[in-house]
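Remember, it's a predicted structure, so these values are computed and weren't measured experimentally. Just so it is clear: chains get the letters A, B, ... in the order the sequence lines come, proteins before strands, and each one is counted from 1.
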Amino acid sequence: MKKTILGLTIMVVAAAMVAAFSSPASAAVTGVCSDCHTMHNSQGGSGMEISGTGPFSTLLRGSCAGCHAQGTENHVEGSIPQVYHTSGTNLAGGNFGYIDATVGSGASDTKGHNVICIDADITGDANLSAPPGDEFTTGIASGASSPDFTCAGEKGCHGNRATADEAASVSGAHHGDDTTIDGNSVATSYRFLLGVLGVENNGANPWRNITGGDHNKYQGADKGDTQDTSLGKTNPGDAGTISGLCGECHGDFHGTGVDGMGTASGTWIRHPTDILLPNTVPYSGYNPVTNFDATVPVAYTVPGTPARLQAVVMCLSCHGVHGTDYTDILRWDYTGISAGGGESTTGCFRCHMDKD
Amino acid sequence: MLKNQRTNHEKTAAFWVPPVAGLILVLILFLPGNAFAIQGACYNCHTMHNSQDGSMAVGGPSPKLLLGSGCIGCHTGTNDGSNSIPYVLSTGAPTFGSNTLAGGNFYWVADSGGNDDTKGHNVYGIATQDANIDTTEGAPGNPNSCADSCHVTLATSTGACMGCHLNPAHHSNSSGYVEVAPWYRWLAKCNDGAADSTYGVKGIEDDDWNYETGTDHNEYLGVAGGHTATQSITNYNMTGFCCGCHGNFHVEQDGGSKWIRHPSDYVIPNSGEYAAAFGGGGADSYDATVPVARPAGFNWAGGSSNAVTINSDMVMCLSCHVAHGSPYPDMLRWDYDLMIVGTEGGGQGKGCFVCHTQKDG
């Protein structure tokens with residue numbers, strides 16, 4: 001009897017532990033308050049800014065960039081993910097440092113989103129005056145003249161874009177309970193991208209996409225073979241897809257009618273996104289569930305339980321978000337993608353295997 | 001052990017290595033597949049979003065994410081021998097036979113170019129409907145009753161380039177001798193607008209599309225017929241393909257004792273004036289300005305030949321005409337006005353006289 005009770009106890013405890021640790025991890029900020037906040041922006045007669053000139057909203061020691069773009073040699077500074085640094089390791093969104101040659105092969109506005117608050121060296125895009133494909137007239141000025149593209153807020157990607165101020169648009173998000181990503185609030189949206197769903201990699205290598213199972217899992221949708229409707233009509237689309245969020249500023253890449261994406265019946269006129277990656281030759285050669293390639297990530301219609309038949313091509317399959325070392329923020333050098341060149345399985349050829 | 005004594009291993013190796021190596025070589029050289037499919041940077045032809053530097057690309061977006069608007073968007077340019085895309089339409093007058101390809105050039109018929117309807121096929125996007133041949137009449141000699149189709153006109157979107165090149169397959173194309181789908185230059189039989197996988201043109205595709213013809217050139221399958229033979233693409237011959245739209249030119253070639261239409265896919269006789277055609281044939285007698293069709297027994301695997309074999313090779317449609325366009329009326333390969341019997345002028349030894357030697361000057 002004692003053995004039975006002991007056995008049951010062990011099983012119950014084990015089950016409880018499994019339940020406790022298999023729940024989605026929260027990305028809510030942990031750690032001492034003073035890492036990020038200062039009560040009076042003063043210590044020892046000096047300011048407490050991590051960078052920039054304070055004081056800052058919500059008693060922070062820096063702006064978005066002040067904390068997340070410190071320009072150090074670390075891709076994670078303390079416990080703060082870095083999007084502008086000199087490390088050879090990048091987080092999933094890449095590194096804004098490629099734009100101004102803080103890292104990489106040379107400066108170019110084509111290598112990232114020109115978010116003006118990242119660093120003084122990153123100014124308006126010399127090639128663009130507004131987001132290309134700006135179907136919804138965001139009013140974002142991305143050109144050299146008075147650029148106003150920011151990390152968050154009305155003219156940014158993160159936070160609630162109905163709130164003009166950057167800090168206010170993400171207010172409460174860092175400390176919110178994001179155990180469940182439901183897109184209903186900034187805190188419970190994937191990476192504070194309001195309305196976007198997905199599974200954040202909060203594991204051993206947080207914020208990173210690493211070949212294997214250690215990566216973000218993006219929300220996708222199967223919009224079908226005829227995509228005459230924009231993905232981003234609402235914020236960011238009914239399905240909460242990451243591509244839908246991109247479409248808020250670049251929707252005309254996937255707009256309506258003859259200026260849209262076409263159909264799968266041999267007449268695509270733009271590369272589709274939010275469409276199932278076919279499981280037929282040649283596309284069946286890539287199984288991101290069993291052989292995930294961090295340079296060609298996919299989304300899933302059910303990212304919590306990725307399955308090959310639910311793999312979805314998305315904007316981020318080809319593009320980085322913050323910055324890459326390649327033109328058009330691509331994940332690879334497009335000039336090196338050459339048809340009929342051999343046995344390459346990189347870049348475009350990861351899916352279009354028959355073209356190599 | 002004496003030098004000429006070999007171990008069993010050596011003997012085994014000596015026995016197997018040559019045939020295995022030979023087999024590997026054969027596989028490398030002749031294995032069918034897409035080893036010669038289009039090569040080069042994707043961006044030469046494709047654009048993912050039809051956008052660059054905040055502006056939409058001109059003329060797009062285009063099907064299959066192509067940079068150009070339609071086939072012509074990519075195939076317009078000036079051939080210089082180094083271009084990886086064959087240009088069939090030039091924006092300025094090309095030099096026929098110099099920087100034009102096997103099919104000639106649409107420049108002379110193009111609305112934007114010479115604008116002469118007699119000098120090329122009026123193809124959608126290049127030239128509007130032929131002023132001399134309306135759609136009621138349709139393609140001259142059209143044997144098919146397929147209404148409102150490419151058999152009637154190529155000047156509408158239902159015809160266009162794909163009215164002839166029904167089976168474009170840039171990424172699965174082969175080179176050299178093509179005898180299966182997607183067929184020689186993607187010229188497939190049409191089945192209600194769709195490419196037929198069973199029937200198409202067989203031939204050897206020259207890797208520079210006949211930009212240079214001294215070393216190698218296209219070769220076309222011919223199927224010899226009698227004086228009253230009809231030709232069809234079910235014979236896999238180039239002439240049969242032309243006959244899909246112009247077949248009635250050749251259903252009554254012989255009115256009895258005399259030809260009443262010029263024959264096509266007819267063996268060049270080894271008699272009369274034809275025995276001296278192409279200088280009597282033989283090595284280096286091939287004339288790219290008067291190409292001939294080859295019989296099924298031709299050494300297709302051996303590549304193109306610079307020899308003409310009288311009594312075996314055939315006159316065909318393309319012996320006199322080009323497929324796209326030329327500077328001459330009726331899409332001829334030469335100026336018919338210079339074909340003057342007994343002349344010693346510019347037409348001497350050329351054009352018609354290459355075969356009709358007795359009529360030459």
Side-chain angles (χ1 to χ4, degrees), chain A residues 109-110 124-134 142-143 246-247 250-255 257-273 281-282 313 315 317-319 327-328 330 332-342 344 347-349 352-356, chain B residues 28 32-71 73-74 84-85 157-158 160-162 165-176 182 186 188 193-195 205 207:
Chain A
D109 285 336
T110 70
D125 193 310
N127 308 303
L128 304 170
S129 59
D134 190 10
S142 56
C246 303
H250 306 293
D252 264 351
F253 285 164
H254 310 286
V258 295
D259 199 31
M261 300 171 75
T263 72
S265 58
T267 55
W268 289 114
I269 56 176
R270 288 189 175 92
H271 196 290
T273 57
V281 175
V313 179
C315 302
S317 295
C318 305
H319 298 281
T327 301
D328 298 332
L330 280 167
W332 51 78
D333 181 1
Y334 193 42
T335 63
I337 305 297
S338 186
S344 174
C348 306
F349 300 135
H352 297 280
M353 292 183 170
D354 59 334
K355 306 300 190 299
D356 189 30
Chain B
I28 291 173
N34 62 352
F36 296 97
I38 196 168
Q39 296 183 346
C42 303
Y43 67 80
N44 283 338
C45 302
H46 295 284
T47 174
M48 296 301 105
H49 307 297
N50 193 47
S51 172
Q52 191 66 40
D53 296 339
S55 299
M56 293 298 148
V58 176
S62 300
K64 299 182 184 296
L65 288 67
L66 287 166
L67 270 173
S69 178
C71 308
C74 289
S84 59
I85 298 175
S157 59
T158 55
C161 299
M162 289 179 64
H165 301 278
L166 277 101
N167 200 24
H170 291 79
H171 288 289
S172 58
N173 189 34
S174 55
S175 190
W186 310 331
E205 296 184 346
D207 58 1

Supply the atom-to-atom distance [X] [atom1] to [Y] [atom2], rounded to the nearest 0.5 angstrom.
| X | Y | atom1 | atom2 | value |
| --- | --- | --- | --- | --- |
| B/His49 | A/Asp328 | NE2 | CG | 8.0 Å |
| B/His46 | A/Trp268 | NE2 | CH2 | 15.0 Å |
| A/Leu128 | B/Asp53 | CG | CG | 6.5 Å |
| A/His271 | B/Thr47 | NE2 | OG1 | 11.5 Å |

Minimum heavy-atom distance between A/Pro132 and B/Ser51, given as atom pair plus value: CB-OG, 4.0 Å

